[in-house]
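Below is one structure, written out as structure tokens; the observations come after it.
Naming convention: chains lettered A, B, ... in sequence-line order (proteins, then strands); numbering from 1 in each chain. Computed over heavy atoms, backbone and side chain alike; hydrogens, waters and symmetry mates excluded.
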Amino acid sequence: MTAVIKTSALRKDFTVWHKTGRLRRQRRVVSAVDGVDLTVTEGELLGYIGPNGAGKSTTLKMMTGILSPSGGQVSVCGLTPVPQRTTLALRIGVVFGQRSQLWWDLPLSESFSLLRHVYRVPAADHAARLRRCRELLDLDAFLATPVRQLSLGQRMRGELTAALLHGPKVLFLDEPTIGLDVLSKQAVRGFLAELDARGDTTVVLTTHDLADIEKLCRRLVVIDHGRVVHDGTVAQLHAAYRSRRRVVVDLDAPWPADLVLPGASVERVEADGLRVTIALEDTTAGELLGRLAGSVALRDLSVREPEIDDVIARLYAGR
Amino acid sequence: MVEPYLRLLVAQVRGQTQYRASFVVELVFSTLMTALDVVTVFVIFSVNDRLGGFGGTEVLMIVGIAAFGFPAADLVVGNVERLRVYVRTGLLDAVLVRPLSALGQLVAMDFSVRRAGRVVQGTALYVVALVVAPVVWSPGAVVLVVLAPLSATVFFGAIFVVGATVAFWWIESGEIANAFTYGGRDFTSYPMTVFSGLFRRVFAYGLGFAFVAYLPALALLGRSDPIGAPDWLRWCSPLVALFAAGVAALFWRTGIRHYRSTGS
Ligand SMILES: Nc1ncnc2c1ncn2[C@@H]1O[C@H](COP(=O)(O)OP(=O)(O)OP(=O)(O)O)[C@@H](O)[C@H]1O
Ligand SMILES: [Mg+2]
């Protein structure tokens with residue numbers, strides 16, 4: 001497996017000035033990215049997450065040649081992004097959820113044909129890729145609409161298409177599902193899953209919607225304050241943060257407050273003591289059930305797998 | 001090579017003409033203003049016939065070169081002043097992820113046909129100046145007649161670019177760069193003899209503004225510089241223009257590396 005993206009001790013400092021008086025200003029250095037080591041191999045779909053201001057977008061901007069690093073190294077497709085920016089641009093696709101790559105006043109279809117000339121794509125390749133995107137992303141209904149009149153979800157599908165028409169090796173997505181409704185999110189996710197299954201495009205995905213991560217990414221990199229705090233699978237993250245499965249029980253009589261459950265802890269008591277959520281720590285659901293059956297009047301029960309939101313929330317909160 | 005840029009340019013013009021009414025109004029308005037400008041220049045030179053030791057038609061020669069060079073540069077790269085908007089809003093991100101030169105894209109994406117009117121006006125002025133001014137014709141003069149306005153264009157283009165790059169270091173630079181470019185244009189339209197002292201030394205010869213119109217006009221008119229620049233210097237505008245373009249390229253490259261995008 002060859003490394004498509006490689007960073008070592010990558011950092012970016014921003015100097016910001018604070019007004020402290022009428023004329024006096026104070027200089028402060030923000031380390032947006034503070035020594036990131038990352039290797040992404042060909043065909044991988046990497047989830048790159050972190051709380052607001054963690055440095056995700058800044059990392060992506062250094063990888064795409066927008067920002068010069070303050071220190072460390074970065075190489076993408078074997079190129080150094082800033083000095084080799086225009087060569088690199090032919091091999092990567094970029095979607096910034098907050099910002100459009102399309103031409104505001106042109107119909108979507110014209111933006112696409114313009115991109116064919118900008119990237120010098122052979123007409124046949126362009127047509128084939130466009131056809132695929134039109135099918136998978138349902139573009140036909142708004143291909144003739146000027147970009148400024150598109151809804152956010154429609155535009156985002158257009159952006160994804162625009163980023164892929166030149167057949168990039170690497171796709172950088174910065175919050176591509178931000179502000180989308182359930183259906184549009186599903187469309188985007190389905191599209192990315194299909195792209196991933198084909199295996200020839202490496203994808204770096206930044207998002208705050210953890211469902212994106214759960215549905216799409218095997219590997220997850222979490223950064224905070226510009227540093228990598230987790231790099232591994234979602235399961236490894238659960239293990240590292242000792243995520244707990246939960247058992248929710250519905251009762252016929254209120255929960256006896258003095259009940260002791262070894263290896264488990266009561267998290268929540270609701271509905272006047274008739275619904276109780278128990279987190280499993282050092283025991284199994286079976287053992288817990290055995291204990292409960294003898295001491296309370298069970299009506300119903302369900303077992304909940306640990307949620308990625310919980311573990312991420314704990315990860316962010318415990319920093 | 002240039003094809004993608006031309007496509008961007010055409011797309012931009014098409015986008016512009018979508019707002020047809022305002023486009024037509026602006027075009028009519030700017031043509032009227034241009035016509036008015038030409039009339040003003042002729043009125044000034046028929047009343048005020050000597051300026052800094054030069055006759056009216058000789059001054060017209062200087063004005064003619066600058067009057068072509070500035071709007072031509074403005075037409076080609078003038079919209080690079082929009083860079084500060086791109087830098088402040090972070091829109092430059094989208095420009096930088098495309099496989100084209102950033103400067104080339106900015107120029108093509110904000111190209112404005114309306115500015116062509118002033119180039120026509122400048123050309124007219126220059127042609128009139130060549131006819132009425134006492135030009136001393138020689139093979140060198142013929143070459144310079146073509147090269148002088150082009151060099152002026154390149155020089156002003158360089159000024160536009162350098163001025164725009166200020167935005168990379170100083171985001172709230174506002175109209176500072178404009179003061180410099182438009183000030184430069186007015187400065188070059190006069191014989192350098194009307195200025196004096198350190199001001200003249202710095203701007204005319206130090207920063208090279210004398211090479212835009214004044215010195216090549218002297219060469220065409222067969223006059224030596226009353227201020228004392230050696231005669232061969234009058235023919236050096238093309239070299240100075242190339243040098244200025246090199247400096248501008250350096251500023252641009254350094255500036256791009258200082259681009260910091262925006263936080264969101
Ligand atoms: N152009 C800039 N100038 C100054 N500071 C900046 C700039 N861009 C980012 N920062 C700072 O760098 C840090 C990281 O920002 P970045 O945009 O990379 O975060 P992020 O992880 O993408 O956050 P979010 O999830 O909110 O998009 C923040 O503290 C931010 O304020
Ligand atoms: Mg971000």
Between the side chains of Asp74(B) and Arg118(B), is the shortest nitrogen-to-carboxylate-oxygen separation below 4.0 Å, so that they form an ion pair? no
Under a 4.5 Å heavy-atom cut-off, does chain B meet the side chain of Leu114(A), its backbone, both or neither? side chain
Interchain contact, Ser100(A) with chain B, by part (heavy-atom threshold 4.5 Å): backbone
Given a strict heavy-atom distance threshold of 4.5 Å, which part of Leu92(B) is in contact with chain A: side chain, backbone, both, or neither? neither
When the side chains of residues 168-180 of chain A are checked against the rest of the protein, which donor-acceptor pairs come out under 3.5 Å, sequence neighbours left out?
| unit_1 | atom_1 | unit_2 | atom_2 | d |
| --- | --- | --- | --- | --- |
| Lys169(A) | NZ | Glu42(A) | OE2 | 3.4 |
| Asp174(A) | OD2 | Ser57(A) | OG | 2.7 |
| Thr177(A) | OG1 | Asp212(A) | OD2 | 2.6 |

Residue among Leu100(B), Leu96(B), Leu8(B) with most heavy-atom pairs under 4.5 Å to chain A: Leu96(B)
Check whether Arg120(A) gets within reach of chain B through its side chain, its backbone, both or neither, counting any heavy atom under 4.5 Å. side chain
Output for pair (Arg129(A) CZ, His166(A) NE2), nearest 0.5 Å, gives 8.5 Å
Taking the ring of Phe160(B) and the ring of Phe156(B), is the distance between their centroids below 6.0 Å? no
Within the 3.5 Å criterion, strictly below it, is a donor on Arg28(A) or Thr15(A) matched to an acceptor on the partner's side chain? no
Tell me, side chain or backbone of Val118(A) under 4.5 Å from chain B's heavy atoms, or both, or neither? both
Under 3.5 Å donor-acceptor pairs involving side-chain atoms of residues 61-70 of chain A, not counting sequence neighbours:
| unit_1 | atom_1 | unit_2 | atom_2 | d |
| --- | --- | --- | --- | --- |
| Lys61(A) | NZ | Ser261(B) | OG | 2.9 |
| Lys61(A) | NZ | Thr262(B) | O | 2.8 |
| Thr64(A) | OG1 | Leu60(A) | O | 2.8 |
| Thr64(A) | OG1 | Lys61(A) | O | 3.3 |
| Ser68(A) | OG | Arg257(B) | O | 3.4 |
| Ser70(A) | OG | Asp13(A) | N | 2.8 |

In terms of heavy-atom proximity below 4.5 Å to chain A, should Val10(B) be classed as side chain, backbone, both, or neither? neither
